[in-house]
Amino acid sequence: MRRIYLLTIGLLSLLLSNLGSMAQSTEAQRADSLRRVLPKLKGKELLQAYYKIYNLCYYAGYVTEERKAIDDLLEEAERQGDVKMQATARAALLYYYYNSDINDSLLAVFPEQLSFMEKNKDWKEYYDIWVLLVNHYTFTSQSNTALREVKRMYENAQQRKNNYGIGLASYGMGNAYMNIGFHEEAIQSYERCINALKQSRMGSSTLLDVYPYYCSELSEVKNYQRMLEVTDLWRDYLDSHRVELGLDNKSTSSSYYSYYYNSRATAMMGLGRLKEAEELLTKAYQSTKDVQDNSQLTVFYNLAQLHLKKGEYAKALRFNNQIIGNANPSDPSGLLMLTKQRAEIMLQSQCFDEAAKLYKQVYLLGDSLNLNDAKNQLNEFNTLFKVDEMEKASEQARSRHVYIILGIIIMALLLIGVLGFYFMIRLRQKNRELAVALDRAQESDRMKRTFIQHVSHEIRTPLNVITGFSQVIASPSFRLTDEQRANIVDSIETNTREITNFVNELLEFSENESQNYYQMNDCVNVFLMCKELIANAEQQNNGRLQLVLESTINESLTVNSNQRALERIVRQLLNNAMKFTEKGSVTLKIAQSDEEQMLDVSVTDTGIGIAPDQRELIFEKFYKVDSFKRGLGLGLPMARRIAHMIGGDLLLDDKYTKGTRFILKIPIYKL
């Protein structure tokens with residue numbers, strides 16, 4: 001839905017652009033008339049004439065003439081010493097770069113323009129151009145950079161107690177959160193924006209942008225009742241700002257009202273009030289039917305959704321066809337949205353074969369978008385790690401760690417791609433019957449989302465530590481002692497090892513998932529194997545806990561099994577025990593099982609234990625007893641699966657209450 005609403009806002013931009021094109025000839029004539037009288041004007045009249053020429057060029061879409069008009073306006077404002085008009089011209093220059101996608105120039109001149117606004121205390125233009133920079137980062141997929149920048153902006157506005165700045169910063173924050181899928185945070189930011197702007201005396205035109213995004217996020221979390229309340233506020237704003245929007249006193253036939261009608265209709269559909277939704281969509285259609293652009297596509301999309309809910313599949317398909325026929329093939333997010341809608345129509349109308357084909361396209365398009373998002377994130381990390389100057393030693397250390405981090409990120413992305421491909425292959429192989437195919441597709445999508453969420457959560461903390469300390473070392477403004485530098489480098493290396501261990505865990509999980517059996521050709525001395533594993537664990541433990549090895553079997557006893565598989569299980573159990581035990585002991589014990597021809601290898605700790613309601617859940621993928629502990633929640637499910645593949649089992653001893661005890665049952669096949 002987030003991508004859908006961004007498309008909606010894009011259609012609004014197309015509408016305004018097209019209206020500008022239709023008026024080009026009139027605006028051009030007015031600009032030419034003003035240029036002819038410029039030699040006769042002086043003072044404020046001359047300055048206002050330059051300002052009008054700029055506006056005429058802007059609305060006519062004359063990019064080259066617009067740039068010259070900005071330069072002329074700025075030059076004349078500086079000559080006359082008019083600070084307010086200088087600020088206007090400087091802001092116009094940034095908007096010109098922003099709208100023309102001249103990003104390098106935007107970033108290059110922004111500090112100078114922001115400093116000018118601050119020096120002259122023009123706080124409206126000051127925060128207007130600052131949020132412009134935040135939105136640039138947001139909508140060029142640099143969300144982390146956008147959040148950093150908007151945090152600085154928000155803190156600045158709070159220090160000045162400037163409600164306008166707080167409102168605009170909250171708006172930029174909402175956009176950044178929306179772009180990365182943090183819906184609740186985005187909603188809170190938009191609410192804070194509206195409240196702050198209503199208290200500001202500098203104007204509230206930004207609300208025209210806030211309301212659509214706010215409603216989009218409310219729709220995302222299915223809070224349709226609140227969405228209705230917000231659309232009431234939206235309507236009040238439109239009705240009270242008709243003059244500013246260029247509307248007459250009674251008409252609601254404009255694209256401004258069209259997007260309001262669409263949002264309110266979405267809320268009505270969510271609440272099941274389909275008749276009212278249909279009336280609103282009829283108004284939306286009427287408000288844009290005479291506009292020569294693509295603004296009706298949003299109305300058609302919602303009409304298709306409406307008829308789908310009413311069970312009128314032929315009508316729904318007709319509207320979907322109209323959108324797809326006019327859709328931009330270079331917009332994958334829009335195509336994904338429309339294909340999903342078409343697949344749902346086909347599924348509900350029982351055209352199962354066609355629905356299955358469309359759902360396959362949906363997953364392929366989704367994978368493509370996810371890969372593109374990952375590439376953008378990697379590019380952003382690249383940008384974050386660039387610095388201007390460093391001492392030679394610091395440069396070498398920074399470069400080494402940056403390359404390590406980038407390598408780990410690339411490995412993680414490749415692993416995600418491999419797993420995504422793996423899930424798609426499984427889905428394709430099992431897509432024999434339509435019902436099974438749909439179930440597998442939904443499960444695959446859930447697993448991928450869960451996997452990506454866990455990867456993002458686990459990798460974010462050490463990456464933030466490494467990023468922060470790397471910037472400290474890289475910055476010439478910090479003067480660090482040798483001890484401080486050594487501590488920072490040690491912290492970077494520790495977190496780098498943590499990410500490396502995390503990637504190794506992913507690789508081990510991927511290998512285990514792709515393996516269906518283990519060859520039982522090894523003659524394993526269980527006692528010696530456990531003795532070696534407890535010794536390795538002691539190196540990691542470093543004396544923190546008491547590690548104990550107990551055995552009641554003949555130390556020369558061997559079993560016919562797979563030694564690598566056994567070591568992986570026992571090592572995982574020891575690692576878990578040490579992770580969840582703050583003090584006390586961890587005991588590795590080998591004993592004859594009560595079951596015939598079975599050997600018990602148990603790992604007992606004095607840690608936090610496992611609550612009764614969690615004892616079955618711990619063997620599910622991605623489940624974690626303590627969400628603050630590092631790890632993906634894959635160790636125990638992987639260990640139990642390996643145990644089953646070698647003919648054994650992995651159990652939790654629910655009778656032990658002083659901590660946790662896991663029992664690995666190994667079949668005894670004596671050689």
Residue pairs passing the salt bridge (Lys or Arg N to Asp or Glu O under 4.0 Å) test with at least one member in residues 298-308, sequence neighbours excluded, are none
With sequence neighbours left out, the residues meeting salt bridge (charged side-chain N to carboxylate O under 4.0 Å, His left out) with D236 are none
Worksheet item: Considering only heavy atoms from C-beta outward, does the side chain of H136 approach that of Q142 to under 4.5 Å?
Response: yes
Hey, does the side chain of S240 reach the backbone of Y237 with a donor-acceptor pair shorter than 3.5 angstrom? yes
Less than 4.5 Å apart, side chain to side chain, heavy atoms only: is that true for L271 and L228? yes
**Message:** Under the criterion salt bridge (charged side-chain N to carboxylate O under 4.0 Å, His left out), I'd like the reasoning laid out for E149 against R152: C-alpha separation, chi angles, the key distance, then a yes or no.
**Reply:** CA-CA 5 Å; E149 191 66 36; R152 290 179 55 239; 2.6 Å; yes
On a heavy-atom basis, the closest approach of S141 and N179 is CA-ND2, 4.4 Å
Looking only at atom types and distance, does a side-chain atom of S216 sit under 3.5 Å from a main-chain N or O of P212, one as donor and one as acceptor? no
- Item | Pairwise side-chain contact, L47 with L41, heavy-atom cut-off 4.5 Å (strictly under) | no
Residues pairing under salt bridge (Lys or Arg N to Asp or Glu O under 4.0 Å) where one sits in residues 39-64, two or more places apart or in two chains, turn out to be K44-D82
Verify, without hydrogens or angle tests, whether S219 (side chain) and C215 (backbone) share a donor-acceptor contact under 3.5 angstrom.
no
Checking E118, E78, E125 against R90 for salt bridge (Lys or Arg N to Asp or Glu O under 4.0 Å), the one that qualifies is E78
- prompt: Do L107 and L133 come within less than 4.5 Å of each other through their side chains, counting heavy atoms only?
  reply: yes
Notebook entry, point to check: Counting only N and O atoms by type, is there a donor-acceptor contact under 3.5 Å from the side chain of S115 to the main-chain atoms of E112?
Noted result: no
Q188 and Y177, any side-chain heavy atoms less than 4.5 Å apart = no
inquiry  = I'd like to know whether R264 forms a side chain to side chain contact (heavy atoms under 4.5 Å, CB included) with K283, so could you lay out the CA-CA distance, the side-chain angles of the two residues, the decisive distance to 0.1 Å, and finally the verdict.
reply    = CA-CA 11 Å; R264 192 168 180 86; K283 291 180 180 179; over 6 Å; no
In terms of heavy-atom contacts, does OH of Y154 have more than 12 from other residues, nucleotides or ligands at under 6.0 Å?
-> yes
Scanning both residues in full, the closest heavy-atom pair of C193 with G167 reads SG-O, 3.2 Å
Taken in chain and number order and not counting sequence neighbours, the residues that satisfy side chain to side chain donor-acceptor pair (under 3.5 Å) with Y126 are N156
Checklist entry - Just by distance, do the side chain of D122 and the backbone of A87 share a donor-acceptor pair under 3.5 Å? => result no
| Side chains of D239 and Y257: closer than 4.5 Å at any heavy-atom pair? | yes
ask   = Can Y137 and N103 be counted as having a side-chain donor-acceptor contact under 3.5 angstrom?
value = no
- Query: Salt bridge check: are E217 and R226 linked by an N-O gap of less than 4.0 Å?
  - Reply: no
Interatomic distance, CD@Q80 vs CG@L46, rounded to 0.5 Å, equals 6.0 Å
Between M117 and A91, the two heavy atoms sitting closest are CE-N, 4.0 Å
Closest heavy-atom pair, E65 versus C57, reported as atoms and distance to 0.1 Å, is CB-SG, 3.7 Å
Residue set satisfying side chain to side chain donor-acceptor pair (under 3.5 Å) with E191, at least two apart, ordered chain then number -> Y214
> Counting only N and O atoms by type, is there a donor-acceptor contact under 3.5 Å from the side chain of N120 to the main-chain atoms of F116?
Replying inline: yes
- Can R79 and E76 be counted as an ion pair, charged N to O under 4.0 angstrom? yes
One should read off an interatomic distance between D71 CG and Y96 OH, to the nearest 0.5 angstrom, of 9.0 Å
Check your understanding: Does D104 CG have over 12 foreign heavy atoms under 6.0 Å away?
Key -> no
Rounded to the nearest 0.5 Å, the CD1 atom of I129 sits from the CG atom of L114 at a distance of 5.0 Å
OG1 (T266) and CE (M227) are apart, to the nearest 0.5 Å, by 5.0 Å
Check your understanding: So Y211 and W234, would you call those rings parallel, tilted or perpendicular, with 30° and 60° as cut-offs?
Key -> parallel
For Y98, the side chain to side chain donor-acceptor pair (under 3.5 Å) test, sequence neighbours excluded, returns none
So CD1 of I53 and CD of Q48: to nearest 0.5 Å the spacing works out to 11.5 Å
**Q.** Test side chain to side chain contact (heavy atoms under 4.5 Å, CB included) applied to L238 and L208, step by step
**A.** CA-CA 8 Å; L238 289 172; L208 192 62; 3.9 Å; yes
Can you say whether the rings of W123 and Y127 are parallel (under 30°), tilted (30 to 60°) or perpendicular (over 60°)? tilted
Residues N135 and G172: closest non-hydrogen pair is OD1-CA, 4.2 Å
(request) Show your reasoning for whether side chain to side chain contact (heavy atoms under 4.5 Å, CB included) applies to R67 and L93. (result) CA-CA 8 Å; R67 180 70 173 85; L93 180 62; 3.5 Å; yes
inquiry  = Please determine whether side chain to side chain contact (heavy atoms under 4.5 Å, CB included) holds for the pair F139 and N175, giving the CA-CA distance in whole Å, both sets of side-chain angles, and the decisive distance to 0.1 Å.
reply    = CA-CA 9 Å; F139 296 117; N175 291 344; 4.2 Å; yes
Tightest non-hydrogen contact, residues M173 and V150, listed as N-CG2, 3.5 Å
The reported gap from CD in Q341 to CG in L317 (rounded to nearest 0.5 angstrom) is 9.5 Å
Note, F319 side chain near N302 side chain (heavy atom, < 4.5 Å) | no
**Donor + acceptor pair across side chains of D128, Y164 (<3.5 Å)** = yes
Check your understanding: Does some side-chain heavy atom of L197 sit less than 4.5 Å from a side-chain heavy atom of L168?
Key -> yes
